[in-house]
2 protein chains.
Amino acid sequence: MKKNTIETGESSSGRPIMVLLDVMGQRWALRILWELRDARLTFRDLQKRCDDVSPTSLNTRLKELRALELVDHNEQGFGHTKWGRELGEHLLGLSKWSAQWAEEVLKG
Amino acid sequence: MKKNTIETGESSSGRPIMVLLDVMGQRWALRILWELRDARLTFRDLQKRCDDVSPTSLNTRLKELRALELVDHNEQGFGHTKWGRELGEHLLGLSKWSAQWAEEVLKG
DNA sequence: TTATTTGCTACAAATAATGTAGCACAAAGG
DNA sequence: CCTTTGTGCTACATTATTTGTAGCAAATAA
């Protein structure tokens with residue numbers, strides 16, 4: 001088998017980009033980061049926005065994102081940390097790019 | 001259950017960013033894109049660079065990336081398409097960012 | 001003819017995600 | 001006090017995905 005590389009840090013081998021690719025490559029991680037881009041959300045609201053992801057999955061992912069200081073939690077719910085916000089900016093860039101890409105590639 | 005959203009196009013609902021988040025959120029997708037950033041690679045070389053991912057997984061992912069015109073294949077092996085290259089640039093940006101992030105967050 | 005290398009498939013076993021139910025806690029209303 | 005509402009979760013059985021190993025067929029090359 002091949003255990004979760006985020007917990008073990010195994011495949012990441014200390015290279016930041018690998019850690020990042022690992023975490024972003026997990027189901028719902030990017031989506032969560034995306035949905036928190038302009039407002040804090042409660043667990044349940046976040047869940048709804050993420051196509052009603054199971055609480056199990058959501059919680060697992062949130063734990064990881066919090067451990068990596070990309071997401072945090074307070075009285076208003078879950079939201080981006082300073083780092084999460086920066087990463088969110090990158091996603092915004094990707095969003096713009098994806099529009100072009102989609103227009104030419106996806107059934108356009 | 002909840003079937004593969006890339007095949008079904010279900011959760012993506014036509015919004016490009018969602019399609020992108022879906023595909024990038026699949027295991028090995030980002031890593032593959034990353035490893036092809038500056039050279040074409042054969043199936044097996046790509047496999048080695050991706051921590052010896054199983055051929056099954058690699059092939060599944062490659063099929064999807066090719067369908068989305070992010071990766072293509074020729075006599076020299078697998079590589080970025082025009083779109084893949086652009087996406088790769090974004091990953092390069094993330095790589096730079098991740099260095100800062102890692103320095104302050106990861107065991108630093 | 002015998003290797004090598006290519007891209008890939010089969011398939012059982014292992015791991016991760018899902019869906020449903022529900023819990024404990026806190027705040028608010030009556 | 002008692003009930004309701006909303007919070008962040010956990011339990012657990014089911015289902016889906018990923019993995020690891022083996023190996024195949026075609027294309028070179030020796």
Side-chain angles (χ1 to χ4, degrees), chain A residues 1-12 18 21-33 35-36 39-67 70-81 84, chain B residues 1-12 18 21-33 35-36 39-67 70-81 84:
Chain A
M1 64 133 241
K2 193 172 288 184
K3 278 251 269 306
N4 187 318
T5 50
I6 280 117
E7 286 171 16
T8 62
E10 191 183 328
S11 87
S12 315
M18 290 304 168
L21 293 184
D22 272 357
V23 68
M24 296 197 316
Q26 300 218 223
R27 197 162 291 175
W28 298 111
L30 280 171
R31 179 64 173 275
I32 290 168
L33 249 12
E35 296 297 346
L36 293 177
R40 289 199 156 259
L41 295 172
T42 64
F43 189 94
R44 284 175 150 92
D45 282 345
L46 185 51
Q47 192 185 5
K48 275 171 209 139
R49 279 170 178 267
C50 293
D51 296 336
D52 278 311
V53 56
S54 73
T56 324
S57 301
L58 182 55
N59 185 43
T60 303
R61 220 50 76 219
L62 282 174
K63 271 181 189 163
E64 293 169 357
L65 294 174
R66 289 168 76 176
L70 295 172
V71 164
D72 61 10
H73 180 256
N74 64 19
E75 314 74 51
Q76 346 285 317
F78 296 89
H80 280 162
T81 60
Chain B
M1 63 131 239
K2 194 173 286 182
K3 279 252 269 305
N4 187 318
T5 51
I6 280 115
E7 286 172 15
T8 63
E10 191 182 329
S11 87
S12 317
M18 289 304 168
L21 293 184
D22 272 357
V23 67
M24 297 197 317
Q26 301 220 212
R27 198 159 292 174
W28 299 110
L30 279 172
R31 179 63 174 273
I32 290 169
L33 250 10
E35 296 297 347
L36 293 177
R40 288 198 156 260
L41 295 172
T42 64
F43 189 94
R44 284 173 149 93
D45 282 345
L46 185 51
Q47 192 185 7
K48 276 172 208 137
R49 278 169 179 268
C50 292
D51 296 336
D52 278 311
V53 55
S54 73
T56 323
S57 301
L58 182 55
N59 186 44
T60 303
R61 221 49 76 216
L62 282 174
K63 271 181 190 164
E64 293 168 357
L65 293 175
R66 289 167 78 175
L70 295 172
V71 164
D72 60 12
H73 180 255
N74 64 21
E75 315 74 51
Q76 346 285 315
F78 296 90
H80 281 163
T81 60

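Chain A is the first sequence line, chain B the second, and so forth, proteins listed ahead of strands; every chain is numbered from 1.
Here the P atom of nucleotide dT18(D) and the CZ atom of Arg31(B) are 16 Å apart, to the nearest Å. For the pair Leu58(A) CG and dG8(D) P, the computed distance is 10 Å after rounding to whole Å. If you measure from atom CG of Asp51(A) to atom P of dT18(C), you get 10 Å, rounded to the nearest angstrom. Rounded to whole Å, the distance from CH2 on Trp28(B) to P on dT17(D) is 18 Å. One atom, CG of Asp22(A), and another, C1' of dT15(C), lie 16 Å apart when rounded to the nearest Å. In this structure, Asp52(A) places its CG atom 8 Å from P of dG19(C), rounding to the nearest Å.
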Dump the pairs, protein N or O against N or O of nucleotides 7-11 of chain C, anything under 3.5 Å, distances to one decimal.
residue	atom	partner	partner atom	Å
dG7(C)	OP1	Phe43(B)	N	3.2
dG7(C)	OP2	Phe43(B)	N	2.6
dG7(C)	N7	Arg44(B)	NH1	2.6
dG7(C)	O6	Arg44(B)	NH1	3.2
dG7(C)	O6	Arg44(B)	NH2	3.3
dT9(C)	OP2	Asn59(B)	ND2	2.3
dA10(C)	N6	Thr56(B)	OG1	3.3

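Within the 4.0 Å cut-off from OP1 or OP2 of dT18(D), at least one side-chain nitrogen or oxygen of Arg61(B) is found.
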* To do: Please report the C-alpha distance between Glu35(B) and Asp45(B) in whole Å, then the side-chain angles of each, then the deciding distance to 0.1 Å, and finally whether the side-chain contact (heavy atoms from CB on, under 4.5 Å) criterion is met.
  => CA-CA 10 Å; Glu35(B) 296 297 347; Asp45(B) 282 345; over 6 Å; no

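Shown here for His80(A) and Leu33(A), the closest heavy-atom pair between the two residues is NE2-O, 2.8 Å. Residues Gly25(A) and Leu30(B) share a closest heavy-atom pair of N-CD1, 4.2 Å.
With no hydrogens or angles considered, a side-chain donor-acceptor pair links Ser54(A) and Ser57(A) at under 3.5 Å.
With respect to Arg40(A) and Asp72(A), a salt bridge is recorded, a charged nitrogen being found less than 4.0 Å from a carboxylate O.
For the side chain to side chain contact (heavy atoms under 4.5 Å, CB included) test, no residue two or more places apart in sequence or in another chain qualifies with Glu75(B).
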